[in-house]
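As structure tokens, the structure follows; a few thoughts come after it.
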Amino acid sequence: MGTKELREAPKLAPLYAKALLPHSGGGGLPDTEYVRAGVEFDPAHVAAYNQVCGFRLGDELPVTYPHMLAFPLQMALMTQPDFPFPLLGMVHVANRITQRRPVRLTDTGTVRVRAENLRPHEKGRQFDVISEFTTADGPIWTEVSTYLRRGGGEGGGKREQLAAPAPKAIWRVPADIGRRYAEVSGDRNPIHLHPLTAKLFGFPSAIAHGMWTKARVLAAFEGRLPDAYTVDVKFKLPVLLPAKVAFTSWQTGDGWAFELWAARKPKPHLEGTITPPDATPNPR
């Protein structure tokens with residue numbers, strides 16, 4: 001595997017502009033790992049992220065925060081000419097994060113990003129983007145983001161519609177949460193920013209970022225989680241903004257399970273589990 005070392009985080013605005021250009025792509029995933037060493041955390045940025053996502057302030061970072069460091073490298077990887085799919089139109093269908101110990105504000109480390117495991121999906125093809133944050137203690141944070149490129153699949157048939165579970169909490173998601181999360185994350189995909197730009201991509205209104213939704217759910221578990229765990233989610237239907245969503249959770253034998261549903265209709269937005277870090281991951 002080749003390595004591309006970066007001295008600083010890639011600028012996201014040029015990468016989004018690049019994503020709008022015609023894309024020919026290649027046959028398989030590139031055999032390149034993007035690496036950025038000497039990464040430190042900005043306390044002001046962490047505080048802004050915590051506020052948008054509902055976390056409390058502290059020296060230990062939310063388990064979803066290191067995604068902020070990996071995302072620019074992911075964008076750089078997926079906008080390369082040899083990447084097999086155009087960035088726009090890809091769907092983030094699942095995300096699994098493993099934390100071996102809490103990531104702290106004082107940590108300095110290296111971020112690594114690569115793509116692997118291109119495979120068929122009932123609606124097209126999917127692949128994983130692997131991100132790691134490594135310190136002197138070794139890899140302490142690992143993320144597997146699974147993306148779907150629609151087209152060419154066999155279809156999965158009509159799925160049974162289940163009844164929404166009894167909620168433990170009802171949350172109102174404001175219309176501007178996409179813009180607020182974009183401000184701290186740099187993820188300015190037009191489907192999240194405004195109803196007009198979202199409609200260009202087939203959505204009736206702007207939709208919430210999947211990683212904001214995951215972070216907001218995890219904020220509800222603050223103070224109840226161990227130092228080391230894996231949180232695995234599958235993204236279902238998008239959260240159309242503004243929204244009212246219903247959150248429910250329950251304890252399992254070795255952790256937690258949770259779901260997020262539309263509060264007004266029995267439509268699922270997200271489902272996930274929190275398990276010990278070495279537990280078998282949910283099948284994709």
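Quantities reported herein were computed from a predicted structural model and do not represent experimental measurements. Throughout, numbering of the chain's residues begins at 1 and tracks the sequence.
Using a 3.5 Å distance cut-off with no hydrogens or angles, the side chains of Gln74 and Glu143 do pair a donor with an acceptor. Defined by atom type and a distance below 3.5 Å, a donor-acceptor pair is missing between the side-chain atoms of Asp232 and Thr273. Between the side chains of Thr64 and Tyr49, a donor-acceptor pair is found at a separation under 3.5 Å. In this model, no donor atom of one side chain and acceptor atom of the other lie less than 3.5 Å apart for His121 and Tyr147.
In this structure the side chain of Thr197 never reaches within 4.5 angstrom of the side chain of Ile191, judged on heavy atoms. Between Ile207 and His192, the closest side-chain pair of non-hydrogen atoms falls below 4.5 Å. Side-chain contact between Val113 and Ile130 is absent, with no heavy-atom pair separated by less than 4.5 Å. Looking only at side-chain heavy atoms (C-beta outward), Leu69 and Phe41 come within less than 4.5 Å of each other. In this structure, Phe85 and Leu118 have side chains that are in contact, with non-hydrogen atoms separated by less than 4.5 Å. You'll find the side chain of Pro167 stays beyond 4.5 Å of the side chain of Trp261, heavy atoms only. Looking at heavy atoms from C-beta onward, Val35 lies out of side-chain contact with Val111 at the 4.5 angstrom threshold. The closest side-chain heavy-atom distance from Asn95 to Lys214 is below 4.5 Å.
Arg112 and Glu132 are not joined by a salt bridge, as no carboxylate oxygen comes within less than 4.0 angstrom of a charged side-chain nitrogen. Contact check on Glu271 versus Lys236 returns a salt bridge, with a Lys/Arg side-chain nitrogen under 4.0 Å from an Asp/Glu carboxylate oxygen. We find that Glu116 and Arg114 are joined by a salt bridge, their nearest charged nitrogen and carboxylate oxygen being less than 4.0 Å apart. By the 4.0 Å N-to-carboxylate-O rule, Arg100 lies close enough to Asp278 to be salt-bridged with it.
One hydrophobic cluster, built from ILVMFWY side chains closer than 4.5 Å, holds both Met68 and Leu105. Cluster membership check: Met211 shares its hydrophobic cluster with Tyr16, using side-chain heavy-atom separations under 4.5 Å among Ile, Leu, Val, Met, Phe, Trp and Tyr. Note on Leu225: it clusters hydrophobically with Ile140, by side-chain heavy-atom contacts below 4.5 Å among ILVMFWY residues. With hydrophobic clusters built from ILVMFWY side chains whose heavy atoms lie under 4.5 angstrom apart, Ile177 does not share a cluster with Leu193. Phe83 and Leu87 fall within the same hydrophobic cluster, defined by Ile, Leu, Val, Met, Phe, Trp and Tyr side-chain heavy atoms under 4.5 Å apart, directly or through other members.
The list of side-chain hydrogen bond (donor to acceptor under 3.5 Å, both in side chains) pairs with a residue in residues 216-226, not counting sequence neighbours, is empty.
In this pair, Phe258 and Phe247 present their aromatic rings tilted. The plane angle is within the 30 to 60° band. Ring geometry, Tyr181 versus His209: the interplanar angle falls from 30° to 60°, so the pair is classed tilted. In this pair, Phe71 and His67 present their aromatic rings tilted. The plane angle is within the 30 to 60° band.
Listed for the Thr142 side chain is no donor-acceptor partner under 3.5 Å among the backbone atoms of Thr98. Remark: side-chain polar atoms of Ser249 are not paired, donor with acceptor, to backbone N or O of Ala257 under 3.5 angstrom. Under the 3.5 Å distance criterion, the side-chain polar atoms of Thr79 are matched with a main-chain donor or acceptor of Met75. Between the side chain of His92 and the backbone N or O of Ser145 there is no donor-acceptor pair closer than 3.5 Å. Under the 3.5 Å distance criterion, the side-chain polar atoms of Arg180 are left unmatched by any main-chain donor or acceptor of Gly178. With Trp171 contributing its side chain and Lys244 its backbone, the two residues share no donor-acceptor pair below 3.5 Å.
The environment of NZ in Lys11 is sparse: at most 12 heavy-atom neighbours from other residues, nucleotides or ligands sit within 6.0 Å.
With sequence neighbours excluded, the residues satisfying side-chain hydrogen bond (donor to acceptor under 3.5 Å, both in side chains) with Asp137 are Arg101.
Ring centroid separation for the pair Phe55 and Tyr65 does not come in under the 6.0 Å cut-off.
When hydrophobic residues (I, L, V, M, F, W, Y) are linked wherever their side-chain heavy atoms come within less than 4.5 Å, Trp250 remains an isolated member.
Residue Ile170 comes nearest to Ala263 through the heavy atom pair CD1-CB, 4.3 Å, listed as atom of the first residue, atom of the second, then distance.
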